[in-house]
Number of protein chains: 2
Amino acid sequence: MSKSNNVYKDAYNRCLRLLDETKSLPSEPELGTLLGVSRTTVRSILARMEETGLIAWNKRSKTVLRAPRPDDFFPEEETDTLAEIIERSFMRRLLAGGAEAGMQINELELAREIGVGTTSVREFLIRFSRFGLIEKRRNSHWVLKGFTRAFALELTEIREMFELRSAAAFAALPEESPVWADLDRLEDEHRLLAREIASRFNEFSELDERFHRLIHRASHNRFIVDFYDVIAMIFHYHYQWNKAQERERNEVAVAEHLVYIAALKSRDLGKVDAACRKHLKSARNTLLTSIPEAGSRNVLDARRA
Amino acid sequence: MSKSNNVYKDAYNRCLRLLDETKSLPSEPELGTLLGVSRTTVRSILARMEETGLIAWNKRSKTVLRAPRPDDFFPEEETDTLAEIIERSFMRRLLAGGAEAGMQINELELAREIGVGTTSVREFLIRFSRFGLIEKRRNSHWVLKGFTRAFALELTEIREMFELRSAAAFAALPEESPVWADLDRLEDEHRLLAREIASRFNEFSELDERFHRLIHRASHNRFIVDFYDVIAMIFHYHYQWNKAQERERNEVAVAEHLVYIAALKSRDLGKVDAACRKHLKSARNTLLTSIPEAGSRNVLDARRA
DNA sequence: ATAATGTCTTTTATCGTGAAAAAACATTTT
DNA sequence: AAAATGTTTTTTCACGATAAAAGACATTAT
């Protein structure tokens, strides 16, 4: 097997959802832009849709014949990229097994266990290494540094440094900047979520990321913007394993965000600084409470504790 | 060809240099630690040294028979890792060709041009991407972001943030910390270099890196420590292309380092901050003067200007 | 003339393979 | 017994090959 066609399958599924809305599909290049794939993939999608009787396709005319049924969709798991599959497996091992700091990581073993080639695992590890959780020994194996309290503290230290600076830059942005409209929109979403927090608290994580990324972008510094990938990754998995008081935590965070947003809109640097610090402090505490032990104990131990 | 034996060749060369000093070599594990390679490689080295009549090898006894001659050494270029070879080729293209920002990078073409497999090029690009000079388009090519003024400014902004914090942490380290001895040793080296700056100015770059890495390490933050790799990489190539007033620049930098060191030893945070700022400011200016044009012009243009 | 479709070429993503190097195990020496 | 040497196994590194996907070129339709 050389390469899975997950790009095609994922785009196909997304295209199916488009079918519900219109009675005929746009041109091939337009569809390509819409789905974020090349025309080659678009044509494969159209070919299959014609085959399964979803559309009638003749050159420019692509008429929708019937609404898509559940079984028209490709199974979810077939639409994931290899990188996602490897990351998920790796993180599961990291969070679930006895993943002690200092433990060595075996590329071959990982590859066999996940059922992929070693090349993909190697590439994943190289990409993953920027998160600071693993480290390579020169012409030898990788070493796990562990999801420790030290890691969380180092991560949040940088985060605070970067976000305080970004928030200040944000507040100094001119009135005409489009970010203010983005911020207004995010504020509305926050108010909406705050009102329905009881049922929708699990939607916060996604909103949180969009909000902080908007702020970080104001720094106009690629290193700051890129660093948010590290934070996002950690918080993504953090949200998955630490469900304790999720509702309460998110409720508090939404409120903090609203204060933070108000501070930004006031352009008062003092207020911005205070609101930002307060929110980041509680974010740090949330993260830290899930890694209670000092030193070598891992996340699973932390959960058991 | 599956894998070059550069590890062996490099270790062999380094081992040859050891021969000059002693009349017999230590045990295999000891040699392994000394050279930073496994026993397997040590044994290959010993086997060849026996073959070429450099040593008599019988179990524990490894007697040196003759001094190594120049032709005993493997050629320098055969001791480089593939990663080094690819990096050098890539940087040469980046700095010498019409490497405009926005230009796309072709893995296959790069691999063919350098004469290596695509996998190695891919892995290199992934590793290299953390320097912020290239970016990947989802399931498509890499894009060059260009060695622009904006890049230099973003880089130095982070550097200043990180180093000011590290320097403050350094100054706050207790008397017993071994870093003070390291600092004393570095100070001596600086004084020595300052005295002979006329002939040894080109040795500064290496000393510079060791000095700044020592300071960054005081942050005890892996993200700060790791970020110095980005700075080191940029300055490494910067030193190679920008030879204008090299002697003068380095002379000034050595003097600034000495002030900086004195400030650290005084433990006076105000002084440390001032000395650090002053040095980083001139480092930034040095870097910026080699990228004079705003926006899209590249390094070669900059050199011509 | 512009923008679509149809066709062909190139590049990317992934695997299996084999040599280099590391690591593990077994045996001998001090 | 501890530490070395000798031997075998495992892992890492790098390649060529191949299908998926992107991209380029040619042709046709509005």
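None of the values given here were measured: they were computed from a predicted structure. FYI, side chains are in, hydrogens and waters are out, and symmetry mates aren't considered; it's all heavy atoms of this structure.
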Whole angstrom value for the distance that separates P of dA24(D) from CD of Gln104(B): 7 Å

Comparing Glu28(A) and Val42(B) on DNA chain C - which has the more 5′ nearest nucleotide: Glu28(A)

Sugar-phosphate only, base, or nothing, as touched by Arg112(A) at under 4.0 Å among non-hydrogen atoms: sugar-phosphate

Nucleotides 26-30 of chain C: which of its N/O atoms have a protein N/O under 3.5 Å away?
none

Minimum-distance nucleotide (side-chain atoms of Lys136(A) versus dA14(D), dT5(C), dT12(D)): dT12(D)

Pro29(A) side-chain proximity, nearest of dT11(D), dT5(C), dA22(D): dT5(C)

Atom-pair distance (CH2 on Trp142(B); C1' on dA13(C)), nearest Å: 13 Å

Validation row, ring centre Phe128(A) to ring centre Trp142(A) under 6.0 Å: no

Inter-residue atom distance Phe73(A).CZ - Arg17(A).CZ, 0.5 Å rounding: 5.0 Å

Check: Ser4(B) side chain, dA14(D) base, donor-acceptor under 3.5 Å: no

Candidates dA21(D), dA22(D), dA22(C) - which lies nearest the side chain of Lys3(A): dA21(D)

Of Thr40(B) and Asn58(A), the one whose closest DNA chain C nucleotide lies more 5': Asn58(A)

Sugar-phosphate only, base, or nothing, as touched by Arg138(A) at under 4.0 Å among non-hydrogen atoms: nothing

Sugar-phosphate only, base, or nothing, as touched by Lys62(B) at under 4.0 Å among non-hydrogen atoms: sugar-phosphate

Side-chain donor/acceptor of Glu28(B) to backbone N/O of Arg39(B), under 3.5 Å: no

Integer-rounded Å distance: dA19(C) P and Asn5(B) CG: 13 Å

Sugar-phosphate, base or nothing in reach of Ile45(B), heavy atoms under 4.0 Å: nothing

Side-chain N or O of Thr41(B) closer than 4.0 Å to phosphate OP1/OP2 of dA21(C): no

Validation row: Ile231(B), His212(B) side chains within 4.5 angstrom (heavy atoms): no

Side chains of Gln240(A) and Met91(A) in contact at under 4.5 Å (non-hydrogen atoms): no

Minimum-distance nucleotide to Asn139(A) side chain [options: dA21(C), dT12(D), dT5(D)]: dA21(C)

Whole-Å gap separating P (dA14(D)) and CD1 (Ile126(B)): 14 Å

Given DNA chain D, 5'-ward residue of the pair Gly36(A) and Glu30(B), judged by closest heavy atom: Glu30(B)

Value rounded to 0.5 Å, distance of CZ in Arg48(A) from OG in Ser44(A): 11.5 Å

For atom CG of Asn6(A) and atom P of dT12(C), their distance in whole Å: 17 Å

Phosphate OP1/OP2 of dT17(C): any Ser2(B) side-chain N/O under 4.0 Å: no

Protein-nucleotide distance (His141(A), atom NE2; dC13(D), atom C1'), rounded to Å: 16 Å

Closest-nucleotide 5' rank along DNA chain D - winner of Pro26(B) and Val116(B): Pro26(B)

Thr118(B) vs dA13(C): side-chain N/O to OP1/OP2 distance below 4.0 Å: no

Check: Ile234(A) main-chain N/O paired with His238(A) side-chain donor or acceptor under 3.5 Å: no

Sugar-phosphate, base or nothing in reach of Thr119(B), heavy atoms under 4.0 Å: base

Rounded interatomic separation in angstrom, taking CG from Leu108(A) and P from dA21(C): 18 Å

Pairwise distance CD(Glu135(B)) to CD1(Ile105(B)) - rounded to 0.5 angstrom: 10.5 Å

Minimum-distance nucleotide (side-chain atoms of Ser140(B) versus dG23(D), dA22(C), dA4(D)): dG23(D)

Spacing of Phe124(A) atom CZ relative to dT14(C) atom C1', expressed in whole Å: 16 Å

Spatial distance of atom CD (Glu206(A)) from atom OH (Tyr239(A)) [nearest 0.5 Å]: 11.0 Å

